[in-house]
Asks: 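Following this message is one structure expressed as structure tokens.
When a ligand or atom number is given, it counts from 1 through the structure's own listing order. Note: hydrogens, waters and symmetry copies are ignored here, and every other heavy atom, side chains too, is used.
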Amino acid sequence: MVLLLRYRSITINLTPLIPKSHKFHTLQSFRNPNFISTSKISASSNNPTPTTNRSISDAAKFAKSVLFIPPGVEIEELTDDMVLPGSNIVIGPFAGHSQIKEVEFVKSSARARDCPKDDRPEIAILGRSNVGKSSLINCLVRKKEVALTSKKPGKTQLINHFLVNKSWYIVDLPGYGFAKVSDAAKTDWSAFTKGYFLNRDTLVCVLLLIDASVPPQKIDLDCANWLGRNNVPMTFVFTKCDKMKATKGKRPDENIKAFQQIIRENFKVHPPWILTSSVSGLGRDELLLHMSQLRNYWDQ
Ligand code: GDP
């Protein structure tokens with residue numbers, strides 16, 4: 001079968017990062033975490049080698065190297081419309097029931113061990129202060145003022161659990177990288193948030209928000225590297241992709257490519273990624289669908 005993958009404007013050499021400890025690791029598409037495609041597609045390339053002149057296995061290898069292929073999808077069955085627009089994410093049979101019908105705030109916890117203990121799956125949202133985390137959460141749930149995380153530097157930072165459709169949690173984690181945060185507050189953030197990541201068995205995935213309107217930030221890369229080293233499954237969610245004008249030098253598409261280039265150098269395999277905007281709604285439904293397939297597979 002001929003692969004009908006259309007290469008997109010931001011086509012880069014990415015495959016998902018799936019930790020050894022994670023359930024997905026048992027699946028065929030994640031069995032070889034060291035796999036890196038031999039295809040030399042640069043992050044800035046808009047003109048990759050067309051599939052038509054390549055063997056099926058080369059095309060399959062290429063697809064595997066750039067796409068997040070979820071459980072239940074055979075690479076030979078891939079078609080263009082299975083790839084979510086503005087992402088490297090393939091949608092598989094576990095996707096479904098993605099829309100949020102009701103959301104209720106459950107609790108704020110100061111420590112991982114205080115978080116809800118009902119074994120529902122959860123997806124945590126993390127990012128630098130001002131990355132657009134509250135806006136994204138409100139956009140996802142289509143409500144104003146849902147995200148409660150304290151934004152004031154130095155104030156107690158809490159893990160906020162929101163129960164969605166009575167079946168799973170969105171977890172709003174404290175933002176990192178406050179410009180004025182004290183050293184003591186920084187230490188607190190790192191100790192308790194790291195505790196959450198390392199001890200939360202029901203954590204399905206972390207959405208690591210990256211501000212596409214600014215160049216790659218060391219603190220984001222440090223965070224991504226730490227999550228990767230500790231086998232925490234993550235998805236890069238690029239925010240503010242509607243901002244077409246350069247703010248600090250480059251445009252969002254250039255910033256995204258620069259970020260992904262660095263990630264490619266640091267990771268053997270790479271997480272899924274998706275472009276979003278809370279202003280225009282770009283990527284909202286696609287992100288919800290991606291979250292649904294991660295969650296539904298975890299929950300089966
Ligand atoms: P948080 O500190 O991470 O919760 O960030 P906020 O959601 O409060 O957003 C920080 C700033 O970025 C605010 O001024 C928002 O209006 C703005 N912002 C958030 N998301 C977007 C977006 O998708 N597009 C644009 N243009 N601005 C955004």
Side-chain angles (χ1 to χ4, degrees), residues 10 84-87 100 103 105 108-109 122-162 164 169-182 185-186 188-190 192-193 196-197 205-224 227 234-257 259 273-291:
I10 302 175
L84 287 177
S87 83
I100 294 177
V103 58
F105 171 70
S108 294
S109 311
E122 62 193 43
I123 294 182
I125 307 191
L126 176 68
R128 202 160 40 83
S129 166
N130 218 39
V131 71
K133 183 161 57 76
S134 313
S135 305
L136 183 77
I137 293 175
N138 289 324
C139 172
L140 290 176
V141 306
R142 292 227 159 104
K143 284 195 176 169
K144 295 254 181 252
E145 307 305 330
V146 164
L148 296 179
T149 302
S150 167
K151 292 184 169 188
K152 297 232 173 91
K155 274 189 95 175
T156 309
Q157 303 281 290
L158 298 168
I159 303 170
N160 295 307
H161 274 77
F162 297 90
V164 181
Y169 290 110
I170 284 180
V171 183
D172 179 16
L173 293 174
Y176 55 80
F178 290 109
K180 293 179 193 155
V181 78
S182 66
K186 269 184 199 157
D188 278 346
W189 183 89
S190 113
F192 107 116
T193 313
Y196 168 83
F197 291 126
C205 179
V206 176
L207 305 183
L208 180 56
L209 272 46
I210 307 294
D211 186 342
S213 69
V214 295
Q217 305 286 302
K218 182 177 181 305
I219 194 161
D220 294 332
L221 293 160
D222 287 348
C223 184
L227 292 170
M234 71 182 122
T235 294
F236 292 127
V237 177
F238 292 99
T239 61
K240 308 186 189 178
C241 292
D242 59 283
K243 283 191 167 184
M244 289 320 289
K245 283 191 190 147
T247 28
K248 290 180 189 166
K250 306 258 182 181
R251 296 193 319 267
D253 55 333
E254 296 172 300
N255 295 328
I256 290 166
K257 283 177 187 169
F259 183 88
W273 55 267
I274 185 165
L275 311 183
T276 67
S277 162
S278 302
V279 169
S280 70
L282 173 80
R284 175 193 181 269
D285 291 344
E286 290 80 2
L287 179 56
L288 285 172
L289 209 51
H290 173 55
M291 290 159 78

Asks: Output yes when a side-chain donor or acceptor of S278 lies under 3.5 Å from a complementary backbone atom of C139, and no otherwise.
Replies: no

Asks: Report yes if some N/O of G132 lies less than 3.5 Å from some N/O of ligand 1; otherwise report no.
Replies: yes

Asks: Quick one: does G175 get a heavy atom under 4.0 Å from ligand 1?
Replies: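 G175: no contact with ligand 1 (<4.0 Å).
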
Asks: With only distance considered, is K133 within less than 3.5 Å of ligand 1 through an N or O on each side?
Replies: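 Checking ligand 1 against K133, an N or O pair does fall under 3.5 Å apart.
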
Asks: Pick one of side chain, backbone, both or neither for how T239 approaches ligand 1, counting any non-hydrogen atom pair under 4.0 Å.
Replies: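 None of T239 does.
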
Asks: Check whether any side-chain heavy atom of L207 lies under 4.5 Å from a side-chain heavy atom of I123, and answer yes or no.
Replies: yes

Asks: Would you say the side-chain atoms of H290 and S87 include a donor-acceptor pair closer than 3.5 Å?
Replies: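 Their side chains do not contain a donor-acceptor pair, so the 3.5 Å distance test is not met.
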
Asks: Within the 4.5 Å heavy-atom criterion, are K218 and L221 side-chain neighbours or not?
Replies: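 A side-chain contact is absent here, since even the closest heavy-atom pair is not under 4.5 Å.
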
Asks: Answer yes or no: is there a side-chain heavy-atom contact under 4.5 Å between D220 and V131?
Replies: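 Sidechains of V131 and D220: no contact.
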
Asks: Do the side chain of K133 and the main chain of L173 share a donor and acceptor less than 3.5 angstrom apart?
Replies: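 Checking the backbone N and O of L173 against the side chain of K133, a donor-acceptor pair under 3.5 Å is found.
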
Asks: Enumerate the atoms of ligand 1 whose separation from the nearest heavy atom of D242 is less than 4.0 angstrom.
Replies: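 Near D242, meaning under 4.0 Å from one of its heavy atoms, ligand 1 has 22 (C), 23 (O), 24 (N), 25 (C), 26 (N).
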
Asks: Is it the side chain (CB and beyond), the backbone, both or neither of K240 that lies under 4.0 Å from ligand 1, heavy atoms counted?
Replies: both

Asks: Considering the heavy atoms of S135, write down every atom of ligand 1 situated less than 4.0 Å from one of them.
Replies: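 Once the distances to S135 are compared, the set is 6 (P), 7 (O), 9 (O), 19 (C), 20 (N).
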
Asks: Below 3.5 angstrom, do we get any N/O pair linking S134 and ligand 1?
Replies: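 Yes; at least one N/O pair falls below 3.5 Å.
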
